[in-house]
Amino acid sequence: MNALEFNTRSKELQKLAPEIPLQWGKIQNNTTDKKVSLFRCKTLSSLELAITGLPTDDKNYFKRRWFLWQCARCDEYLFYTNTGVSRNPNGKDQEYDIEFFGDKNLRFDVKGTLVPKELRSNFSFEFPEKIVNFYYSKQSAGKRSCLQNRLFIVHHSFKEHKRALELRCAWEYKTEVYKSFIHQLKTSKNFISYLNVKAMVIFIIEKKDGGFSYRFA
């Protein structure tokens with residue numbers, strides 16, 4: 001991704017966020033996936049053309065998949081445009097997405113996500129290892145069964161749960177948050193361990209009054 005593509009995709013994602021459901025609605029499956037060559041849809045207009053004629057549930061399914069894929073690409077872009085951060089030159093490699101400071105021990109798979117429904121009612125920043133353990137145990141199946149070091153970008157709105165999707169597209173705010181995270185990482189490396197891998201967490205939060213805040217864990 002380059003600056004021009006980021007500017008275009010980021011605006012498309014902000015437009016799409018309010019239109020898609022917070023939850024999948026159906027389990028990700030190969031039968032539905034085969035209906036559309038999703039990764040050939042480089043733009044929102046090409047996606048909309050590809051899903052024309054599909055049932056509403058399938059349309060929402062593909063919009064959500066495309067949204068999450070493109071948000072991940074944008075998040076990675078915002079990281080590797082900073083000094084000291086490089087992207088994996090092999091885009092098909094599942095081991096990591098970005099590397100900090102040329103240190104192989106600081107290679108992470110970037111995982112944008114939400115506070116799980118199961119943990120939402122008792123959500124607390126005080127025990128980030130609980131949420132990390134949940135993510136690894138639930139999200140490490142299927143094609144992504146290999147465990148990687150992960151940097152979780154957790155989006156949560158105390159104003160309205162659905163707005164967590166719009167928080168994923170708070171690009172201007174996230175730009176500053178990621179810069180702050182990289183600066184902190186130079187001197188403080190607090191990892192959460194899971195089996196033989198390590199994780200870090202960036203919380204992107206919308207407060208009840210609509211203001212934004214962030215926390216690192």
Side-chain angles (χ1 to χ4, degrees), residues 1-79 91-92 94 97 109-121 123 131 134-135 137-145 150 152-175 202 204-206 210 212:
M1 177 173 283
N2 55 34
L4 180 61
E5 186 182 2
F6 172 78
N7 288 336
T8 303
R9 289 296 86 72
S10 61
K11 291 180 176 64
E12 290 179 336
L13 293 166
Q14 288 172 332
K15 174 187 175 183
L16 184 58
E19 300 177 11
I20 57 178
L22 181 64
Q23 304 299 334
W24 278 102
K26 64 167 67 179
I27 298 173
Q28 189 171 345
N29 64 90
N30 291 334
T31 301
T32 304
D33 287 345
K34 290 177 181 178
K35 294 181 180 180
V36 172
S37 296
L38 186 69
F39 297 109
R40 293 183 180 179
C41 300
K42 304 300 184 183
T43 65
L44 179 56
S45 59
S46 65
L47 171 70
E48 290 172 336
L49 181 62
I51 62 177
T52 299
L54 293 180
T56 299
D57 285 350
D58 286 348
K59 286 182 178 179
N60 286 336
Y61 175 87
F62 284 109
K63 283 182 179 180
R64 198 172 193 280
R65 281 206 68 197
W66 190 86
F67 176 84
L68 296 178
W69 168 43
Q70 295 294 342
C71 280
R73 296 182 67 228
C74 287
D75 277 327
E76 291 167 26
Y77 171 81
L78 290 181
F79 275 110
K92 296 182 179 181
Q94 293 189 358
D97 296 319
D109 176 68
V110 179
K111 182 73 173 179
T113 189
L114 313 174
V115 172
K117 184 177 181 180
E118 294 87 340
L119 303 179
R120 209 172 289 157
S121 60
F123 173 60
I131 204 168
F134 183 94
Y135 290 142
S137 64
K138 298 295 183 181
Q139 297 178 349
S140 298
K143 295 180 180 179
R144 298 180 68 84
S145 59
R150 287 185 182 166
F152 292 100
I153 316 296
V154 182
H155 309 81
H156 184 69
S157 174
F158 285 103
K159 186 176 180 181
E160 181 186 356
H161 293 316
K162 172 68 168 65
R163 283 185 52 77
L165 294 175
E166 293 173 59
L167 280 181
R168 285 180 179 256
C169 307
W171 306 118
E172 187 174 348
Y173 184 69
K174 291 170 91 173
T175 297
I202 298 175
I204 306 289
I205 302 299
E206 182 180 44
F212 291 169

Atom pair OG/CD1 of Ser157 and Ile204 - distance to nearest 0.5 Å: 12.5 Å
Residues Glu12, Arg9; criterion salt bridge (charged side-chain N to carboxylate O under 4.0 Å, His left out); working and verdict: CA-CA 5 Å; Glu12 290 179 336; Arg9 289 296 86 72; 2.7 Å; yes
Lys15 atom NZ, over 12 foreign heavy atoms within 6.0 Å: no
Side chain to side chain donor-acceptor pair (under 3.5 Å) partners of Ser45, counting only residues at least two apart: Thr43
Partners meeting side-chain contact (heavy atoms from CB on, under 4.5 Å) with Asn2 (sequence neighbours left out): Leu4, Glu5
Spatial distance of atom CG (Asp109) from atom CD (Glu76) [nearest 0.5 Å]: 8.0 Å
Residues that Arg163 engages under salt bridge (charged side-chain N to carboxylate O under 4.0 Å, His left out), provided they are two or more places apart: Glu166, Glu206
Test ring-ring contact (aromatic ring centres under 6.0 Å, His included) applied to Tyr77 - qualifying residues, sequence neighbours left out: Phe6, Tyr80
Derivation of the side-chain contact (heavy atoms from CB on, under 4.5 Å) call for Val154 and Val115: CA-CA 6 Å; Val154 182; Val115 172; 3.8 Å; yes
Check: Cys41 main-chain N/O paired with Trp66 side-chain donor or acceptor under 3.5 Å: yes
Among Leu13, Asp75, Leu114, Ile153, side chain to side chain contact (heavy atoms under 4.5 Å, CB included) partner for Arg168: Leu114
N/O donor-acceptor pair under 3.5 Å between His155 side chain and Thr113 backbone: yes
Inter-residue atom distance Lys159.NZ - Leu167.CG, 0.5 Å rounding: 10.5 Å
Nearest heavy-atom neighbours spanning Leu38 and Trp69: O-CZ3, 3.8 Å
Spacing of His156 atom NE2 and Ile131 atom CD1 [to the nearest 0.5 Å]: 8.5 Å
Pairwise side-chain contact, Arg65 with Phe39, heavy-atom cut-off 4.5 Å (strictly under): yes
Nearest-0.5 Å distance that lies between atom CG in Leu68 and atom CD1 in Ile20: 6.5 Å
Approximate separation, where rounding is to 0.5 Å, of Leu165 CG and Arg64 CZ: 6.0 Å
Residue pairs fulfilling salt bridge (Lys or Arg N to Asp or Glu O under 4.0 Å) with at least one residue in residues 40-53, sequence neighbours excluded: none
Close side-chain approach of Gln70 to Leu16, heavy-atom, < 4.5 Å: no
